[in-house]
Structures are given as structure tokens and as C-alpha cells.
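Below is one structure, written out as C-alpha cells; the observations come after it.
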Amino acid sequence: MGLNYYQIKKNVLQARKLVIKGTNAAGSGHPGGSFSMAEILGCLFYKHLKFDPNNPQWDDRDRLVLSKGHAAPGLFSNMAVAGYFPESELETLRKLGSKLQGHPDLKCPGVEFCGGSLGTGLSYSIGIALAGKLDSKDYHVYTIIGDGESNEGQVWEAAMTASKYKVDNLTVFLDRNFIQQDSYTERVMPLDEKLGEGDNLSEMWKDASRWKTGDKWRSFGWNVIEVDGHRVEQVDAAVKKANATKGVPTIVISRTIKGKSVEHMEDNPQWHGKAPDPDVVPIINQELDSQFMIAPSIIAGDMTNLENEVKRCAAGRADYIHLDVMDGQFVPNKTFDHAKIKELKPLTVIPFDTHLMINDPVKHVQNYVDAGSDVVTVHAEVTDESSFGEIHDLLKQNQVGVGLAINPDTEFPKWAYKFISLLDQIIVMSVVPGKSGQKYIEATHEKMARLNPILHEHNFSGYVEADGGVNLENIGSIFADGARAFVGGGAIIGQQDVRTAIKDFRYEALKSRRKQLLGKANQLGGSELVNKWIGLHVVGEKQDQIRRIAQEAGFV
Ligand code: DX5
Ligand code: ZN
């Protein structure tokens with residue numbers, strides 16, 4: 001489909017919600033493994049896979065084989081979002097007569113493989129990949145296998161075979177979430193190093209130095225790419241690299257988190273195969289709707305060495321990199337332009353969030369597309385309905401996200417209402433644009449309160465980005481206002497340790513989100529539901545932290 005980064009994320013979110021809907025309606029199913037592969041499937045369905053939902057058997061389609069078939073709700077949800085059947089059909093999941101069974105079945109048009117008997121999908125994929133070569137077809141086969149599934153000997157026989165026959169029209173994703181049906185993979189059948197007594201299994205995935213799975217596949221003659229499987233941009237880059245690799249099959253070892261995006265499901269083996277209760281579904285949906293991103297602004301660093309600032313952002317695990325372009329006219333200062341962005345782009349795959357503080361953006365926006373921006377935000381003060389329409393069309397055609405920014409004393413303009421549902425991002429400036437290191441303007445809180453109903457009414461589904469003076473003290477309240485992307489200049493790039501600064505930003509936003517979710521539980525079911533919600537969080541320190549927030553808020 002060729003969608004941009006934001007649209008892919010939106011579809012991934014929608015698919016996750018459908019997984020919750022389906023498994024809840026069924027009273028059973030597998031949310032954990034559906035969520036760990038969510039971004040992998042999203043990136044394939046909405047960017048790379050060639051398919052036609054109206055003609056599922058199209059000869060030249062790419063083949064997607066879900067070998068870890070128990071994650072069927074994840075596959076079906078994406079098929080619904082991609083247009084194979086109505087989203088409401090997820091409500092029939094696992095019901096008698098439905099084409100959406102607990103494991104993928106060929107009676108659902110578009111499903112390529114009856115997954116479920118673990119270990120067999122890779123062999124099948126090699127077969128159809130070789131058939132494609134014999135038939136001189138240029139379709140590609142993408143296969144998702146699980147790490148629990150890798151206990152099966154057949155996986156390794158297939159690994160040898162693919163290598164021997166140079167099956168390079170096959171890309172395998174290993175959904176490496178470290179958890180299988182009963183327990184942690186490293187306890188049942190270690191793929192990495194054997195763990196010692198004192199090892200914390202739920203933390204294991206965080207220590208990259210111990211991942212040896214890639215070496216196993218390399219020794220079988222495969223091209224191995226290792227990524228964070230929840231980063232759309234990394235999965236995207238891996239697919240491109242895999243497709244460009246000839247003569248050997250590729251495996252993308254994707255480090256993932258089982259249950260990703262719903263805190264109480266994350267890293268918790270219980271959620272391998274269990275459905276959420278109906279009373280917590282609205283809270284889960286709100287949680288899914290409240291994902292957030294941190295975007296360091298590099299102008300707060302060393303302007304003479306922006307390359308290094310980008311590297312610091314990448315090492316600090318930024319979600320995206322905020323690039324403040326100033327022209328000396330729209331704002332008094334000058335920073336850099338598209339030429340610099342083009343130079344910086346190859347340094348990382350992290351999305352580039354270009355904020356154009358320039359006059360006449362419609363004249364320049366093509367340059368910023370060509371420079372490699374992933375989203376371009378222009379100011380409402382220097383656009384109108386017609387020029388913004390032009391900008392919107394140009395960005396969308398080029399798979400670039402579309403953003404509109406407003407200055408502290410600009411209200412969201414009426415002419416832009418008709419674009420709201422099409423926007424990927426709205427920047428609400430909380431300082432007068434022009435430089436970093438200024439103080440957050442408190443009136444922005446009220447402005448957000450005025451803006452929210454307008455956005456809601458016009459079906460906004462993008463991110464509100466808070467820009468200017470965001471820090472650890474105020475990020476929680478800005479999150480509560482509805483912002484979901486946070487620019488940090490002085491408070492992130494201005495710090496010695498960018499990684500810790502980003503981590504701390506995330507934790508403060510997380511606390512604010514936890515409080516909102518507890519509020520939702522309280523509103524829906526009083527202290528009983530609050531206690532139930534708290535009780536679901538059993539991994540690590542979460543439960544104590546969340547209980548403390550609930551106590552402070554007087555919910556328990
Ligand atoms: C202001 C810029 C901001 C700014 C952020 O003109 O758009 O991105 O650099 O820096 P801090 O977080 O220091 O205000
Ligand atoms: Zn900015």
C-alpha cells in the first residue's frame with residue numbers, strides 16, 4: 001500500500017484494537033504473540049506486501065506465511081484493516097462457522113497457510129519460494145516464525161535447505177519475544193546463552209550482548225539482520241535490505257515484547273493464550289490510544305556538529321529526531337536547511353520530524369521531501385487553505401507525514417478544520433518559536449483544552465506534538481492535556497546523557513498515562529475495578545508503582 005510512517009502506526013494501532021475486540025468476543029485466543037509481531041505485520045501489509053484484497057488469489061501476489069499460527073488474531077486484524085473483510089468480522093473469531101478460526105485456515109481467502117502445527121511454515125515457504133522461481137514469478141515470500149516454535153527440529157532442517165537452494169526470494173522474521181506457551185524460551189529451550197540461576201528472565205531481552213540466535217542462523221548460511229521489532233523504521237529498513245540481498249535467504253531477528261503496548265500483558269507469559277475480560281477492555285483501548293513518542297530537538301546541541309547530535313539521539317533511542325528549520329524571516333534566527341537534512345539522513349533510520357519555521361513553505365516543501373523527511377510540519381501563520389492543500393497532497397504522494405503547527409498566540413485556524421482528519425501531526429508551540437531553552441508558556445494547557453474538542457469532532461487520529469520548554473517537571477501534565485509526542489531540546493539534547501534523559505521523559509509520561517488509566521478504571525467500576533486493574537500488573541515493579549499512583553489519587 002505504500003503508506004507513510006504515521007499511517008502504518010495508525011493501522012498497527014487499529015489492528016491491535018481488533019485483536020482485543022476479537023479475543024474478548026471469543027473469550028480466548030492469543031493476544032501476546034499477536035502484539036509482539038504487530039509492527040512486523042504492519043510494516044509488511046501497509047508498505048511492502050504486494051496483494052489485492054479483492055483478488056486474494058492473484059498469481060503475482062507476495063506470500064505472507066504465518067508459521068506461528070496461534071497469533072492468528074494478529075493476522076486477521078491486519079487483513080481486516082487491509083480490506084480483505086469488514087473489521088466487524090473479528091467479532092466472530094473462533095466461533096463455529098466463522099472463517100476466522102483460532103489458527104489461520106485456507107477457508108479464509110487471503111490466508112496462505114494453515115498455521116498452528118508449529119515448525120512447518122518455513123518448509124512450506126521454501127516450497128512456494130522455489131515454485132515462484134521455477135515459474136519465473138517475481139513474488140516474494142515473507143514468513144513469521146516464533147522463538148518457541150524454534151524448538152522444532154524441522155525449522156533447522158528448513159534452514160539448511162533454504163541455504164542450499166539459495167532461496168533469496170524468502171525473508172523470514174523471527175518474532176523473538178523470549179516467551180513461549182508455558183514460560184520463558186530460555187528456560188524451556190535456550191536459543192541464546194544458557195542462563196544462570198540468578199538471571200532475571202523477564203529482563204533477558206534487554207541485554208543485546210547475550211543474543212546468540214543470529215549466530216545460529218549465520219552458521220546455517222543465512223543473511224542475518226537484527227532489529228528492534230517494534231520500530232517500524234527498523235523493520236522497514238530490514239525489508240529493504242533483505243530484498244536487495246541476492247543468493248542467500250534472509251532472516252530478520254526481531255527483538256520484540258510479548259503483549260507489547262498493553263503494560264500488564266508485556267513480558268508476561270500468562271498472556272500467551274488468554275483473552276482480556278470485558279470490564280478491562282475499555283481501559284486497554286484507552287491505553288492503546290495513549291502511546292507516545294519522544295523527539296529530541298538537535299538545535300539544542302552543538303550546531304557545528306549536528307552529525308554527532310543525530311548519533312546521540314540514535315544511541316539514546318529517540319522515537320524520532322526533531323529538526324528545527326529556521327530561515328531568519330519567519331523567526332529571527334537561522335539554523336539549517338534541506339541540504340543539511342539530506343546530509344544527516346543516512347546516519348540513522350529513525351524518522352526525521354522536520355519542523356519548518358520558514359516563510360512560504362509551499363515553495364520549499366519539495367526540497368524537504370527530497371532531503372528525506374518522514375514528516376514535514378509547516379506553520380499555519382504562513383499557509384492558507386489552498387497552499388496547505390498543495391503541501392498536503394505533495395507530502396502524501398511522497399509517503400511523507402503531514403503536520404501543521406500553531407504559534408502560542410495562534411488559535412487553530414478554521415480553514416484547517418477540513419484537514420484535521422488527514423493530519424499526521426499537529427504541533428502546538430509552547431514557546432515563541434525561534435530558539436531552544438525557553439520557558440514553557442503555561443497558557444498552553446488551556447489552549448489544549450480548547451483544541452481537544454475540535455480535534456475530536458473532526459476525527460483527528462494523528463499525534464499532537466508539544467514543542468518548547470518541555471521538561472521532566474511538566475511532561476506529565478502536558479501528556480494529560482493530550483499531547484502524545486514530546487520535543488525535548490534543552491531537557492534532552494542539552495543534557496550530557498541523552499539516553500537517560502529520554503528514559504526519564506518516558507517514565508514521566510508513563511506515570512501520567514497510568515494515572516489516567518486508573519482514573520478510567522475508577523470511573524467505570526470504582527475501587528473494585530481499580531484494584532483489579534492494579535492486580536493485572538504482575539511483572540517487575542509495575543504493580544507497586546501503579547498502586548502508589550492510585551493511592552495518591554485517592555482511588556483506593
Ligand atoms: C523552538 C523549536 C523547538 C525548541 C525546543 O523554536 O521549535 O523545537 O528547539 O527546545 P526546548 O525544548 O529547549 O524548548
Ligand atoms: Zn520545533
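Count residues from 1 along the sequence. Every number for a ligand or one of its atoms is a count from 1 in the order of the listing.
Below 4.0 Å from some heavy atom of Met357 lie the following atoms of ligand 1, by number and element: 6 (O), 7 (O). Numbered from 1 in the order shown, with element, the atoms of ligand 1 that lie under 4.0 Å from a heavy atom of Gly469 read 11 (P), 12 (O), 14 (O). Close contacts of ligand 1 with Ile299, meaning ligand atoms under 4.0 Å from a residue heavy atom, involve 9 (O). Against a heavy-atom cut-off of under 4.0 Å, Met326 is close to the following atoms of ligand 1: 6 (O). Residue contact check: Gly468 has heavy atoms under 4.0 Å from atoms 14 (O) of ligand 1.
At a heavy-atom distance under 4.0 Å, only backbone atoms of Lys435 (N, CA, C or O) approach ligand 1. Contact annotation: for Ile492 versus ligand 1, there are no heavy atoms closer than 4.0 Å.
A donor-acceptor pair under 3.5 Å is formed between the side chain of Gln234 and the backbone N or O of Asp228.
Within the 4.5 Å cutoff, no side-chain heavy atoms of Asp374 are placed close to those of Tyr320. The closest side-chain heavy-atom distance from Ile299 to Met326 is below 4.5 Å.
Counting heavy-atom neighbours within 6.0 Å of Lys435 NZ, excluding the residue itself, gives a total of 12 or less. By the neighbour-count criterion of 12 heavy atoms within 6.0 Å, atom NZ of Lys532 is densely surrounded, having more than that number from other residues, nucleotides or ligands.
Between the choices Gly494, Ser436, Gly489, the shortest heavy-atom distance to atom 12 (O) of ligand 1 belongs to Gly489. The closest heavy-atom contact to atom 7 (O) of ligand 1, among the options Thr335, Leu323, Asp324, comes from Asp324.
The nearest N/O/S atom of Asp324 to the Zn ion (ligand 2) is OD1. For His355, the N/O/S atom at the shortest distance from the Zn ion (ligand 2) is named ND1.
The shortest N/O to N/O separation between Gly490 and ligand 1 falls below 3.5 Å. At under 3.5 Å, a nitrogen or oxygen of Gly434, whether backbone or side chain, sits near a nitrogen or oxygen of ligand 1.
For the pair Arg16 and Phe35, the distance from NZ or CZ to the six-membered ring centre is under 6.0 Å and the angle to the ring normal is within 45 degrees.
Geometry at the Zn ion (ligand 2): OD2/Asp467 and NE2/His322 form an angle of 100°, nearest 10 degrees.
For the residue pair His355/Asp353, the side-chain donor-acceptor check at 3.5 Å is not satisfied. Gln397 and Asp393 form no side-chain donor-acceptor contact under 3.5 Å, judged by distance and modelled atom types alone. Looking at His445 and Asp481, their side chains do bring a donor and an acceptor atom within 3.5 Å of each other.
The shell of residues lying under 4.0 angstrom from ligand 1, judged by heavy atoms, excludes Ala491. In this structure, Gly437 is part of the shell of residues with a heavy atom less than 4.0 angstrom from ligand 1.
Between Glu552 and Lys515, none of the side-chain N atoms (NZ, or NE/NH1/NH2) sits under 4.0 Å from a carboxylate O, so this pair counts as no salt bridge.
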